[in-house]
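Okay, structure first, notes after.
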Amino acid sequence: MHNLTIKQLSDGLRQKKFSSVELTQSALARVEKFNPRLNAFITVTAERALEHARRADARLARGEGGPLTGVPIAHKDIFCAAEVRTTCGSRMLDRFVSPYDATVVAKLQAAGVVSVGKTNMDEFAMGSSNETSYYGPVRNPWDETRVPGGSSGGSAAAVAGRVVPAATGTDTGGSIRQPAALSGIVGLKPTYGRVSRYGMIAFASSLDQAGVLTQTAEDAALLLGAMAGLDPRDSTSVDEPVPDYAAELNKPLQGLKIGLLKEFFDGLEPGNAQAVQAALEVFRKLGASTQELSLPSLPLSVSTYYVVAPAECSSNLSRFDGVRFGHRCEEPRDLLDLYKRSRGEGFGAEVKRRIMTGTYVLSAGYYDAYYLKAQKVRQLIADDFRRAFESVDVLIGPTTPTPAFELGAKVDDPITMYLNDIYTIGANMAGLPALSTPCGFVDGLPVGLQIVGPVFSEARLLNVAHAYQQETEWHTKIPHGYE
Ligand code: GLN
């Protein structure tokens, strides 16, 4: 049963083919079996999960509950979960036990989802390979010498290895879509404000958005429906009705206008380009038309992101000072020594690099030259996208320039690492929803297809991805040894 989708599990639970306790036990057994290889989990909450599964079974026995009741998943360790250790992949929070639930966790729990644990991630979600985690790198089930992508790499590896049918993630510059692409699964980053950020440890608040990693678009639709909506505790969450995403999956694509961004095909590896071209043929067969477009400001998105994101992170991470939050050094001499050593010991190299860059671009004298300029360029990027959506319904292209790379290959070269997100960052800069779905393989490694839409077009993106999945089998492939 471990290779079933959420939809299939949900149907099976209702038909009493298995119970939630059985599903949860099976997921926990797979964690035990595969985690030593994948390192996808930081914390496993077995007892709690079984307790929630028993409750779900009782609800189902009474004929209550919804499509998610009793389904096991995992949460990225960036989401606070009450009375559960929440580390954000950092030594800084190694011993932090959250006193409350993030809204995402609470909403999914209310829908009856059973969380089996917290997944590994790049430290404070800064990374594209899951190698900046204090808890060590995550391995890609398609090739355990390679990265699963990041920062939601633990969630991606857990779903790709069919340890859990789905997991939550967050995406600030690509951290859901990029690992989904590199791990051969579906990743959905919703519109900024669609899902509450309350209780999601902040990296760059104007870019961060919670989403899901799943096997199918249908499963992403089910989970998003339960997670989305206005939250009075997050002033940036939007009061926009939540559609029934699952109900819109089967709309025909006849007449769909697809934009192909010239910028999305620059620097793309030939194997990835071929897979994307083949996917476009599928859409044409389904009655969609394609047209080339250019977003002139898009090539500036990575450099703009690496001003805006570090600026916001330097501010957000100032709370981890060893006093109010986080690791505290032993025997500080005085207050300054306490700050310096607590932060020096608690944060890893990438986080320090970002805090220093961020502090620099926000400092007097540089603020106008860097931060203010970046905000203006960000507006240009958003305007470019808005204009594009005047003539097309969605933009389709690759999610990443290359398939999964070897562990260690880019750790000493931050700029090369940052360029992984060259196709994903634009959507964050403009607050747009975007989805990655598997579209082929290069040398046995999965390739992702990215679909970007205007704000609040999640239903359309899921519909487009679902239609593609009805015509292809890439999303059903399971890595060798994990079947
Ligand atoms: N890889 C990007 C970074 O390192 C994006 C991370 C993310 O989306 N959280 O910042």
Side-chain angles (χ1 to χ4, degrees), residues 76-79 88-90 104 119-133 137-138 147-156 167-183 187-190 192 195 197 200-213 301-314 316-317 347-358 361 374 378 399-402 404-405 409-411 413-436 448 450 452:
K76 183 176 183 180
D77 206 16
I78 197 168
F79 292 100
C88 219
S90 182
V104 162
T119 58
N120 202 346
M121 54 179 284
D122 278 301
E123 185 177 9
F124 286 103
M126 298 173 197
S128 306
S129 66
N130 223 295
E131 292 169 293
T132 72
S133 170
V138 175
V147 304
S151 64
S152 311
S155 289
T168 54
T170 61
D171 193 311
T172 304
S175 277
I176 289 176
R177 291 159 286 158
Q178 188 257 11
L182 268 42
S183 303
L188 170 66
K189 169 216 150 353
Y192 182 78
V195 177
R197 289 184 298 112
M200 185 175 114
I201 296 171
F203 161 12
S205 308
S206 76
L207 300 160
D208 297 343
Q209 181 60 203
V212 290
L213 295 102
S301 59
V302 175
S303 22
T304 312
Y305 173 87
Y306 280 99
V307 173
V308 174
E312 294 186 17
C313 109
S314 72
N316 273 327
L317 271 56
F347 290 135
E350 184 59 29
V351 173
K352 287 177 185 161
R353 188 178 297 131
R354 306 274 179 117
I355 292 175
M356 286 193 287
T357 314
V361 300
R378 182 176 182 179
T399 309
T400 61
T402 69
F405 44 93
K410 300 186 184 180
V411 275
D413 186 354
I415 305 285
T416 313
M417 188 69 97
Y418 296 169
L419 287 172
N420 265 293
D421 301 316
I422 191 153
Y423 305 136
T424 50
I425 281 179
N428 302 78
M429 296 310 268
L432 304 174
L435 178 152
S436 181
Q450 186 178 205
V452 187

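The residues of the chain are indexed from 1 along the displayed sequence. Numbering of ligands and ligand atoms starts at 1, following listing order.
- Below 4.0 Å from some heavy atom of Ser151 lie the following atoms of ligand 1, by number and element: 9 (N).
- Close N/O approach between Gly150 and ligand 1 is not found [any backbone or side-chain N/O within under 3.5 Å].
- Considering backbone and side-chain atoms together, Gly173 places an N or O closer than 3.5 Å to an N or O of ligand 1.
- Residue contacts with ligand 1, taken as heavy atom pairs separated by less than 4.0 Å, involve Asp421 solely via side-chain atoms from C-beta onward.
- Not one N or O of Asp171 is nearer than 3.5 Å to an N or O of ligand 1, by distance alone.
- Aromatic ring pairs are classed by plane angle as parallel below 30°, tilted from 30° to 60° and perpendicular above 60°; the pair Tyr306 and Tyr418 is parallel.
- Comparing Arg177, Lys189, Arg354 by heavy-atom distance to atom 4 (O) of ligand 1, the nearest is Arg354.
- For the residue pair Met126 and Glu350, the shortest heavy atom distance occurs at O-CG, 4.0 Å.
- Residues Asp421 and Tyr305 have side chains not in contact (no heavy-atom distance under 4.5 Å, counting atoms from C-beta outward).
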(request) Starting from the C-alpha separation in whole Å, work towards a yes-or-no answer on side-chain contact (heavy atoms from CB on, under 4.5 Å) for Asn428 and Arg177. (result) CA-CA 11 Å; Asn428 302 78; Arg177 291 159 286 158; 2.6 Å; yes

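- With contacts defined as side-chain heavy-atom distances shorter than 4.5 Å, the pair Thr424/Thr399 qualifies.
- Near Tyr305, with a cut-off below 4.0 Å to any heavy atom, the atoms of ligand 1 are 2 (C), 3 (C), 5 (C), 6 (C), 10 (O).
- Considering backbone and side-chain N/O atoms, Phe203 never comes within less than 3.5 Å of an N/O atom of ligand 1.
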(request) Output, in order, the C-alpha distance, side-chain angles, deciding distance and verdict of side-chain contact (heavy atoms from CB on, under 4.5 Å) for Arg354 and Phe124. (result) CA-CA 11 Å; Arg354 306 274 179 117; Phe124 286 103; over 6 Å; no

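- Of all atoms in ligand 1, listed by their number and element, those nearer than 4.0 Å to a heavy atom of Ala125 are 6 (C), 7 (C), 9 (N).
- Looking only at protein heavy atoms, the nearest one to atom 7 (C) of ligand 1 is Ser175 OG, 2.4 Å.
- Between the side chains of Glu123 and Thr132, not a single donor N or O lies within less than 3.5 Å of an accepting N or O.
- Counting only heavy atoms of the protein, atom 3 (C) of ligand 1 lies nearest to Tyr306 OH, 3.2 Å.
- The nearest pair of heavy atoms linking Asn130 to Ser152 is ND2-C, 4.1 Å.
- Side-chain N/O atoms of Thr416 and Lys410 include no donor and acceptor closer than 3.5 Å.
- Assignment of Tyr418 to the shell around ligand 1 is not supported, since no heavy atom sits closer than 4.0 Å.
- Every atom of ligand 1 with a heavy atom of Gly127 under 4.0 Å away is listed here by number and element: 1 (N), 2 (C), 3 (C), 4 (O), 6 (C).
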